[in-house]
Structures are given as C-alpha cells and as structure tokens.
Amino acid sequence: QVQLVESGGGLVQPGGSLRLSCAVSGFTLNYYAIAWFRQAPGKEREGVSCISANDDSTYYVNPVKGRFTISKDNAKNTVYLQMNSLKPEDTAVYYCAQATGLRRCGSSWALARRFSSWGQGTQGTVSS
C-alpha cells in the first residue's frame, strides 16, 4: 500500500526556515519522481518542486528558486524540502506526491494530474 506522510510544518517568522519531510512506504524512491505542492486558502494547488528518481534532477517554481531545496534519502525512503528566507506568501498546506509511473519530473512536473498518490499535508505558516 502506497503511503506518503508529511511532517515538519509549523509557525515561523518571516525570514525563518522550515524543513519538511515526506516519508514514503509501499514503493521505493528509485523508481518514482516525487513533488511538493502547496495550497493556500482560496487558491489552487501549486507545484513547488520536484525531484526525479533516475538522476535526482530538480525543478522549482520561480517564486521559490534560490530559497527552497528539494532532496531525498533513498535509504530512509524520505524526501525533504528545505525552505529558507520564508515569506508570508509561502503560507500554505504543503503536500508531497508520487508521480504516476514516472521516474522523471519532466517539463510538465507542476501538473497535479501527473501524480497519483498524495500525503495528508502539513501546514506551514509564515507570520510575525
């Protein structure tokens, strides 16, 4: 049974950092791309970052480039999202997701329909 479980969310001041974790089970990170999405109140779900299974290539949405870093530890079956220099507009529920039968993120990685399994989400709030 495929499972993804996010953790690491919380409340942080602007300029602060959070490190999100996505622990996966029921499959290995060697075979599936994994992405982080986020959804703020009243907004659509947005792709934040993706990491490919075959070559660990990474992708980021423009607003987080240079501030967020995605990484993974195959031995621990865990994907991470290090978020630095956080801004109030980063406030959202953050989800990790398993790509549907894909090892590479590809150019259309930010489309939610390309991902078949999702975690329950973890809230990240940036506020003073």
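Worth saying up front: this structure is predicted, and the values here are computed from it rather than measured.
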Shortest non-hydrogen contact from Gly10 toward Leu18: O-CD1, 3.9 Å
Trp109 six-ring centre to Arg104 NZ/CZ under 6.0 Å and within 45° of normal: no
Any Ser7 side-chain heavy atom under 4.5 Å of Leu20 side chain: no
ILVMFWY cluster, Tyr60 and Trp36 together (side-chain gap under 4.5 Å): yes
Going hydrophobic residue to hydrophobic residue with side-chain gaps under 4.5 angstrom, can you get from Val48 over to Ile51? yes
Is the shortest heavy-atom distance from the side chain of Ser127 to the side chain of Pro88 under 4.5 Å? no
Are the side chain of Ser49 and the backbone of Ile70 linked by a donor-acceptor contact shorter than 3.5 Å? no
Close side-chain approach of Phe68 and Asp90, heavy atoms under 4.5 Å: yes
Within a strict 4.5 Å, meaning less than it, do heavy atoms of the Tyr94 and Met83 side chains meet? yes
Measure the shortest side-chain to side-chain distance between Gln123 and Thr91 over non-hydrogen atoms and say whether it is less than 4.5 angstrom. yes
Quick check: do Trp118 and Arg45 have side-chain heavy atoms less than 4.5 Å from each other? yes
Check whether any side-chain N or O of Arg67 sits under 3.5 Å from a backbone N or O of Ser85 as a donor-acceptor pair, and report yes or no. yes
Roughly how far apart are Gln1 CD and Ser117 OG, rounded to 0.5 Å? 9.5 Å
Given 3.5 Å as the limit, does a donor-acceptor pair link the side chain of Glu6 with the main chain of Gly121, or not? yes
How many angstroms lie between CD in Glu46 and CZ in Arg38, if you round to the nearest 0.5 Å? 4.5 Å
Side-chain donor-acceptor pair under 3.5 Å between Ser52 and Ser57, yes or no? yes
Starting from Val2, can I reach Val24 by hopping between I/L/V/M/F/W/Y residues whose side chains sit under 4.5 Å apart? yes
Pair Asp73, Thr78: side-chain N/O donor-acceptor within cut-off below 3.5 Å: no
Whether Thr122 side chain and Gly9 backbone form a donor-acceptor pair below 3.5 Å: yes
With Cys22 as partner, the option from Asn77, Leu4, Leu81 fulfilling side-chain contact (heavy atoms from CB on, under 4.5 Å) is Leu4
Could you check whether atom CD of Glu89 has more than 12 heavy atoms from other residues, nucleotides or ligands sitting under 6.0 Å from it? yes
Applying a strict under-4.5 Å side-chain criterion to I, L, V, M, F, W and Y, I'd like to know whether Ile34 and Val61 cluster together. yes
Consider only side-chain heavy atoms of I, L, V, M, F, W and Y, link residues closer than 4.5 Å, and tell whether Val79 and Tyr31 are in one cluster. yes
Run Phe115 and Gln98 through side-chain contact (heavy atoms from CB on, under 4.5 Å) and show every step you take. CA-CA 5 Å; Phe115 295 84; Gln98 176 203 35; 5.7 Å; no
Is it the case that more than 12 heavy atoms not belonging to Tyr32 sit under 6.0 Å from its OH atom? no
Backbone N or O of Cys105 within a donor-acceptor pair of the Arg114 side chain at under 3.5 Å? yes
Return yes if some donor-acceptor pair links the side-chain N/O of Thr100 with the main-chain N/O of Ser116 below 3.5 Å, else return no. yes
Take Asp55 and Arg103 through the test salt bridge (charged side-chain N to carboxylate O under 4.0 Å, His left out) and record every step on the way to the result. CA-CA 9 Å; Asp55 61 2; Arg103 298 184 71 184; over 6 Å; no
Donor-acceptor pair, side chain of Lys72 and main chain of Leu29, under 3.5 angstrom: yes
Taking the side chain as every heavy atom from C-beta outward, state whether Val5 and Gln120 have any pair of such atoms under 4.5 Å apart. yes
With a 6.0 Å cut-off on the ring centroids, do Phe37 and Tyr95 count as close? no
